[in-house]
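Scroll down for the structure; my scribbles are underneath it.
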Number of protein chains: 2
Amino acid sequence: MATIRDVAKLAGVGVGTVSRVLSGKGSVSSKTLLKVNHAMEVLSFKPNIAARSLVSKKINTIGIWGTETSGEINRNTLRKIESELKPFDVHLIFSDGELNSKQNPSAARDSFDSLINKGCDGIIIWGSDLPAREILQIENEFSDITLLNNRVELIDDKCFYFDHYQAGYVCGQYLIDKGHRDIACITGWFKVYDGNQRHQGFMNAMNDNHVDIPEELIFEGDYTFKKGYEGALDLLKQDKPFTALFCGNDQSAMSAIAAITGKGLDVPNDISVMGYDDMNIATYTSPPLTTVRIPFNRMAVAATRRLLNGCYDLDLKVDCDFPVELIERKSVINL
Amino acid sequence: MATIRDVAKLAGVGVGTVSRVLSGKGSVSSKTLLKVNHAMEVLSFKPNIAARSLVSKKINTIGIWGTETSGEINRNTLRKIESELKPFDVHLIFSDGELNSKQNPSAARDSFDSLINKGCDGIIIWGSDLPAREILQIENEFSDITLLNNRVELIDDKCFYFDHYQAGYVCGQYLIDKGHRDIACITGWFKVYDGNQRHQGFMNAMNDNHVDIPEELIFEGDYTFKKGYEGALDLLKQDKPFTALFCGNDQSAMSAIAAITGKGLDVPNDISVMGYDDMNIATYTSPPLTTVRIPFNRMAVAATRRLLNGCYDLDLKVDCDFPVELIERKSVINL
DNA sequence: GTCTAAAATGGAACCGGTTCCAATGATATT
DNA sequence: AATATCATTGGAACCGGTTCCATTTTAGAC
């Protein structure tokens with residue numbers, strides 16, 4: 001591998017000049033520019049990233065951490081984040097919480113520390129798997145973080161979250177507007193910020209419309225296919241008929257539909273089912289899923305830009321408008 | 001940030017000694033060890049990755065490239081790869097082909113080069129988006145690569161692929177064993193190694209059993225929900241009734257089922273549908289999907305270990321046994 | 001107590017960039 | 001022609017680790 005000194009020698013200039021050509025900063029005469037570029041070409045010179053990082057104290061890499069880095073929606077969002085980073089030649093590394101964080105908080109912290117040890121310039125923390133206390137501590141000793149889909153007071157400017165309360169409310173109101181009064185739900189994960197919020201929003205919509213949901217018709221899920229399936233079976237076993245089912249996400253809605261159909265009932269004619277997320281597949285389920293679209297991509301872009309601004313002293317525009325959008329398909333009928 | 005010299009000074013030793021403690025190589029007396037560890041603790045010393053890389057010529061990062069880094073199955077596999085890397089403190093960076101490679105081959109190559117420029121120690125190329133010629137050239141000037149789910153002669157030892165031909169054959173034979181003779185298919189992407197292979201395997205099973213599939217009942221898909229849906233509608237429009245439908249992957253199978261159901265037909269009673277991949281959701285569709293499980297995780301582990309061995313001079317065991325497994329659920333009936 | 005081999009240690013040199021300053025050269029001004 | 005100003009340039013010093021070698025210390029053998 002050719003070094004900057006090899007280039008300098010071949011071009012008959014000093015290393016400083018080569019460095020100036022490389023960075024485009026400082027002035028270089030057009031004659032020298034030509035010589036240097038030619039020498040770089042001949043030697044097929046590639047600057048050594050490590051040497052550069054050693055001086056600049058930047059490794060041009062940001063990390064992303066959190067259980068929510070799985071699943072289809074999230075994968076799309078990761079891609080979006082990558083494309084935001086690409087113009088600045090910044091790369092993304094993952095450290096995936098999901099495998100361990102739910103069961104094992106110290107492993108979660110370990111996988112987080114592996115990002116810090118790697119020396120990432122900044123970290124996006126996705127979701128609410130780390131307790132606020134710990135996040136604040138991290139923010140303290142390692143300031144360049146942003147939170148995605150989580151909210152921690154005191155560092156609100158670094159948090160990019162969606163109003164899941166309102167979205168939950170919209171879902172509840174929608175089912176009621178459609179004439180449903182006997183309603184069940186398979187919730188998300190209560191321990192998690194957004195699961196909690198959306199359930200509260202939904203329940204408040206019920207309250208405001210004087211609709212009462214009996215305890216037995218609330219099944220605590222965890223967003224997985226498995227729990228959606230089991231949840232639906234459980235709800236059907238209760239002695240409380242219902243005409244609509246609100247699910248914490250599309251995955252559980254889809255598997256709930258499978259369970260309901262498996263029992264010989266029809267969706268939506270016997271039971272309407274509403275999802276939450278709007279995955280790609282939601283258009284192609286049977287029936288196509290009525291759901292709510294969360295602007296994860298917009299949120300992710302905002303979080304990423306905020307982080308880039310912080311890490312690399314940039315001034316990118318950060319758009320913080322995250323509208324809810326209800327997507328009507330065929331899984332909910334008018335009673 | 002404390003440096004190794006700060007630690008040395010505080011501990012009253014030379015920098016060489018601190019380095020020896022850090023690496024665990026070379027001999028250090030237990031007394032000195034204690035002093036140094038204490039000093040590192042006090043200063044909360046963290047070695048600078050860039051400085052280390054500058055000397056070692058390793059950045060402890062490997063890249064992964066390819067359109068197939070999307071989707072659910074693949075996300076699981078990525079996770080598996082990460083967990084293989086973690087013990088060696090190696091990180092994974094992505095450069096995602098999908099956004100551009102299908103339409104725009106030069107952008108594909110660009111995103112690949114961004115991995116090389118980053119200075120990855122090695123690269124996993126997933127899928128067959130780059131032409132063999134280009135892969136060979138890359139292998140030549142940047143030797144540490146492995147191929148996942150693709151095969152290129154001349155570097156067969158670096159290729160980890162599955163026998164999609166045989167798996168396709170198994171699928172075909174299975175439908176025939178179940179008594180089906182009027183069979184349609186929505187294929188995968190022919191341009192891609194595995195899509196091609198599996199279709200040929202399937203067709204040869206047909207041939208060997210003297211079953212003829214008319215041209216009109218072969219729809220060329222591309223693995224997406226969209227094409228699965230459209231494909232099923234297209235096949236139903238033809239004037240050729242069929243009792244079974246073989247799909248190139250689970251995604252198209254799922255959306256094909258939605259399309260068939262939408263037309264008032266029943267799966268599996270009117271038409272049996274067979275998938276390929278065994279995604280998580282396949283258990284929870286209605287009906288649950290009969291499909292074939294591809295041992296992507298095993299393949300990925302093998303490819304990763306092979307790469308680690310090459311990059312870091314390790315000697316990990318590479319297991320190259322990739323068995324097919326047919327998963328019988330409810331979407332195919334005995335005629 | 002002496003000698004020898006092995007263990008332990010300090011520190012200079014190095015990895016390959018960037019930065020900064022002093023020196024040189026070119027152009028404009030009077 | 002002399003001087004001021006500014007563009008251009010070379011190269012030493014530096015970033016923070018690792019490596020290697022010369023030197024010192026220790027342990028073991030007699």
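Chain letters run A, B, ... following the sequence lines, proteins first, then strands; residues in each count from 1. Bear in mind the structure is a predicted one, so any value in this text is a computation, not a measurement.
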Among the nucleotides C:dG17, C:dT9, D:dG17, whichever has the atom closest to the side chain of A:I4 is C:dG17

Is there a donor and acceptor pair closer than 3.5 Å between the side chain of B:R20 and the base of C:dG10?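 Looking at the base of C:dG10, it does pair with a donor or acceptor on the side chain of B:R20 (distance under 3.5 Å).
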
- Donor-acceptor pair present, A:R52 side chain and C:dG16 base, under 3.5 Å: no

Judged by nearest nucleotide, the residue sitting upstream toward the 5' end of DNA chain C, B:L54 or B:G26, is B:G26

Nearest-nucleotide check on DNA chain C, B:V15 vs B:S27; residue mapping nearer the 5' end is B:S27

At 4.0 Å (heavy atoms only), tell me whether B:V28 reaches a base, stays on the sugar-phosphate, or touches nothing.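 Sugar-phosphate only.
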
Check: Reckon A:G119 touches a base, only the sugar-phosphate, or nothing at all at heavy-atom distances under 4.0 Å?
Finding: nothing

Under 4.0 Å between a side-chain N or O of [X] and OP1 or OP2 of [N]?
{"X": "A:S29", "N": "D:dA7", "value": "no"}
{"X": "A:K57", "N": "C:dT18", "value": "no"}
{"X": "A:T17", "N": "D:dG10", "value": "yes"}
{"X": "A:S19", "N": "C:dT18", "value": "yes"}
{"X": "A:T32", "N": "D:dT8", "value": "no"}

What is the separation between atom [atom1] on [X] and atom [atom2] on [N], rounded to the nearest whole Å?
{"X": "A:I59", "N": "D:dC15", "atom1": "CD1", "atom2": "C1'", "result": "15 Å"}
{"X": "B:R5", "N": "C:dA13", "atom1": "CZ", "atom2": "P", "result": "13 Å"}
{"X": "B:K58", "N": "C:dC15", "atom1": "NZ", "atom2": "C1'", "result": "15 Å"}
{"X": "A:K9", "N": "C:dG17", "atom1": "NZ", "atom2": "P", "result": "14 Å"}
{"X": "B:N48", "N": "C:dG17", "atom1": "CG", "atom2": "C1'", "result": "13 Å"}
{"X": "A:F45", "N": "C:dG16", "atom1": "CZ", "atom2": "C1'", "result": "8 Å"}
{"X": "B:N60", "N": "D:dT18", "atom1": "CG", "atom2": "P", "result": "12 Å"}
{"X": "B:M1", "N": "D:dC15", "atom1": "CE", "atom2": "C1'", "result": "15 Å"}

Margin query: Assess the residue pair A:L147 and A:N150 against the criterion (side chain to side chain contact (heavy atoms under 4.5 Å, CB included)); give the C-alpha distance rounded to whole Å, side-chain angles, the decisive distance to 0.1 Å, and a yes or no.
Written below: CA-CA 6 Å; A:L147 306 197; A:N150 187 11; 4.2 Å; yes

When A:S30 and A:G16 are each assigned the nearest nucleotide of DNA chain D, the 5'-most assignment goes to A:S30

Comparing B:K25 with B:A50, nearest DNA chain D nucleotide closer to 5' gives the residue B:A50

Assess, by modelled atom type and distance only, whether the side chains of [X] and [Y] contain a donor and an acceptor separated by less than 3.5 Å.
{"X": "B:K118", "Y": "A:T61", "value": "yes"}
{"X": "B:S29", "Y": "B:T32", "value": "yes"}
{"X": "A:Y312", "Y": "A:D121", "value": "yes"}

Using the six-membered ring wherever Trp is involved, compare the ring planes of A:W126 and A:F296 and label them parallel, tilted or perpendicular (cut-offs 30° and 60°). tilted

May I ask you to decide if the ring planes of A:F112 and A:W65 are parallel, tilted or perpendicular, using 30° and 60° as cut-offs? perpendicular

